[in-house]
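So the structure is just underneath, and the comments pick up after that.
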Amino acid sequence: MANRNQIPTSNSALIAMIADEDTVVGFLLAGVGNVDLRRKTNYLIVDSKTTVKQVEDAFKEFTTREDIAVILISQYVANMIRFLVDSYSKPVPAILEIPSKDHPYDPAHDSILSRVKYLFSAESVASGRR
Amino acid sequence: MEVADHKTQSLENGQAAEEEVDEIENDNVLQFMDSMDAYLTLVHSLSSTLRQGWLDLASARHSMGAYRLNTALLDHTSHPAATSLLVDEGKVDSVEPHFTLCKWRSSGNEKLLLGEEQSSHDKSHPQLRHRGATLLSEEKTSFENKASCEIDDQVQKERSKSLSVFGTLVSPKLRAAQLSFETALETLVEIANTRSEMLRAFDKVNQKSGGSKD
């Protein structure tokens, strides 16, 4: 499974990451790291010294870049800028919340599942009854 | 009498149309539930794969030393990503995009992969038979095998290049971590596509329930 190859075309795009050190290092080992001529990277390593503003700026930058198709963001980092992540609704780049070493995935906080969960609420069930 | 028959027929047609609408709604809801189930299953699988990757990284750090495996060693010179995504935004009947993972691409790899594409194109358009046809097909098969071996060599070279950031001799655990994160990437691309399907199905269900409320 790890040895599949693909035929490239001209509309290739990057995977951006906003995550902890181990997650970013792991995905960089898998070859997703990109540094452009202006030394701008497609990742932000979040640690104890990273401010919310830095995370916000990175999120805004990655969501406006045309060469990025998917943004991987640790769920605990997404919780720091939840208002931004939940208000984002474009199809590309797609925002994928991933677990981190110290914070397992919580479906209750996933922005996509939050969007659809109202379908399962008591109110929506009651309003659908005829 | 004729008026009564006409009324009965209209009622039956109305009921049939309602049943058809209900069936479509049920299909939409089922599709949404299936895609949501697939999404949650993939996320669970991703968690397991990432856990394995973190464990391998921790083992590699333990054997190589923390000073040999940290972000200070990352390459900050200009270089393209070896692994990227192909985005297909023009899928029929779909607003949501479709993603395909393209792993370990290099300039050499592209030429070889384009050569592979040409040989697969030739297979679908068979040439006229002539003397030495058997020899020709044997030569084609050996060319394909050679191309496949060269692609594998290129992929291994790209993998080694990625590992070499942390030194020439690296722990086998670091190689294992690399494979785990490659698998995680494949799962993530499936998650992205399943997410698109889920949102598409959700929109259909939403439209119907919004229409019925009106």
Side-chain angles (χ1 to χ4, degrees), chain A residues 1-15 20-43 45 47 67-70 72 91-101 104-105 107 110 112-113 115-116 119 124 127-128 130, chain B residues 36 40 43 46-47 50 53-54 57 69 71 74-87 89 95-97 99-105 109-110 113-114 116-117 151-152 155 158 162-163 174 177-186 188 191-192 195-196 198-199 202 205 209 213:
Chain A
M1 200 179 180
N3 289 320
R4 270 196 302 190
N5 295 316
Q6 299 286 344
I7 298 171
T9 62
S10 58
N11 57 340
S12 66
L14 302 172
I15 300 171
D20 57 278
E21 180 180 350
D22 277 2
T23 305
V24 170
V25 165
F27 283 119
L28 291 180
L29 284 174
V32 301
N34 184 84
V35 181
D36 65 13
L37 293 169
R38 288 173 294 174
R39 302 266 179 112
K40 282 174 91 172
T41 59
N42 60 330
Y43 56 87
I45 296 173
D47 56 23
D67 59 344
I68 290 175
V70 164
L72 308 179
V92 175
I95 313 296
L96 300 183
E97 295 183 32
I98 60 175
S100 66
K101 235 174 24 173
Y105 174 76
D110 189 312
I112 292 300
L113 294 179
R115 248 195 262 180
V116 305
L119 273 181
S124 67
S127 65
R130 289 178 188 155
Chain B
M36 190 156 145
L40 289 170
V43 168
L46 172 73
S47 295
L50 285 176
W54 292 320
L57 260 182
L69 195 59
T71 51
L74 292 177
D75 184 7
H76 289 285
T77 58
S78 168
H79 66 272
T83 297
S84 57
L85 290 174
L86 303 177
V87 184
E89 296 191 62
V95 178
E96 302 292 335
F99 304 97
T100 310
L101 188 63
C102 180
K103 285 164 57 172
W104 300 122
R105 185 178 61 176
N109 218 1
E110 277 183 29
L113 287 170
L114 284 172
E116 192 181 64
E117 190 184 2
I151 289 168
D152 287 341
V155 166
E158 289 294 323
S162 184
L163 287 169
L174 195 64
Q178 186 180 49
L179 289 177
S180 294
F181 279 95
E182 278 185 45
T183 308
L185 270 181
E186 289 165 13
L188 279 163
I191 288 174
R195 173 186 173 277
S196 299
M198 188 168 73
L199 288 174
F202 172 70
V205 170
S209 60
K213 277 175 188 170

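For a residue to count as touching a neighbouring chain, one of its non-hydrogen atoms must lie under 4.5 Å from one of that chain's; by this rule B:Val87 touches chain A with backbone and side chain alike. Contact annotation for B:Leu74: only side-chain heavy atoms (C-beta onward) come within less than 4.5 Å of a heavy atom of chain A. Only the side chain of B:Leu199 has a heavy atom closer than 4.5 Å to any heavy atom of chain A. Heavy-atom distances place the side chain of B:Leu57, and not its backbone, under 4.5 Å from chain A. Contact annotation for B:Leu85: both backbone and side-chain heavy atoms come within less than 4.5 Å of a heavy atom of chain A. For a residue to count as touching a neighbouring chain, one of its non-hydrogen atoms must lie under 4.5 Å from one of that chain's; by this rule A:Asp110 touches chain B with the side chain only.
When B:Ala192, B:Ser180, B:Ala81 are compared by the number of non-hydrogen pairs under 4.5 Å with chain A, B:Ala81 comes out ahead. Each of A:Ile112, A:Leu14, A:Leu28, A:Leu37 has some count of heavy-atom pairs under 4.5 Å with chain B, and the biggest count is that of A:Ile112.
Across all non-hydrogen atoms, the minimal contact from A:Phe27 to B:Ala184 is CE2-CB, 4.1 Å. Contact detail for A:Ala94 and B:Phe99: the closest heavy-atom pair is CB-CZ, 4.0 Å. Considering every non-hydrogen atom in both A:Asn34 and B:Pro80, the closest pair reads OD1-CA, 3.2 Å.
Summarising the geometry, atom CG belonging to B:Leu188 is positioned 5.5 Å from atom CG belonging to A:Leu72; distances are rounded to the nearest 0.5 Å. How far CG of B:Leu50 is from CG of A:Asp22: 11.0 Å, rounded to the nearest 0.5 Å. Atom OG of B:Ser84 sits about 12.5 Å away from atom CD1 of A:Ile68, to the nearest 0.5 Å.
Side-chain contact, B:Trp54 with A:Ser100: no donor N or O sits under 3.5 Å from an acceptor N or O.
Between A:Tyr105 and B:Val43, the closest side-chain pair of non-hydrogen atoms falls below 4.5 Å. Within the 4.5 Å cutoff, side-chain heavy atoms of B:Ile191 are placed close to those of A:Leu96. A 4.5 Å side-chain heavy-atom check between B:Leu40 and A:Leu113 finds at least one atom pair inside the cut-off.
B:Thr83 places a side-chain N or O within donor-acceptor distance of the main-chain N or O of A:Ala30, the cut-off being under 3.5 Å.
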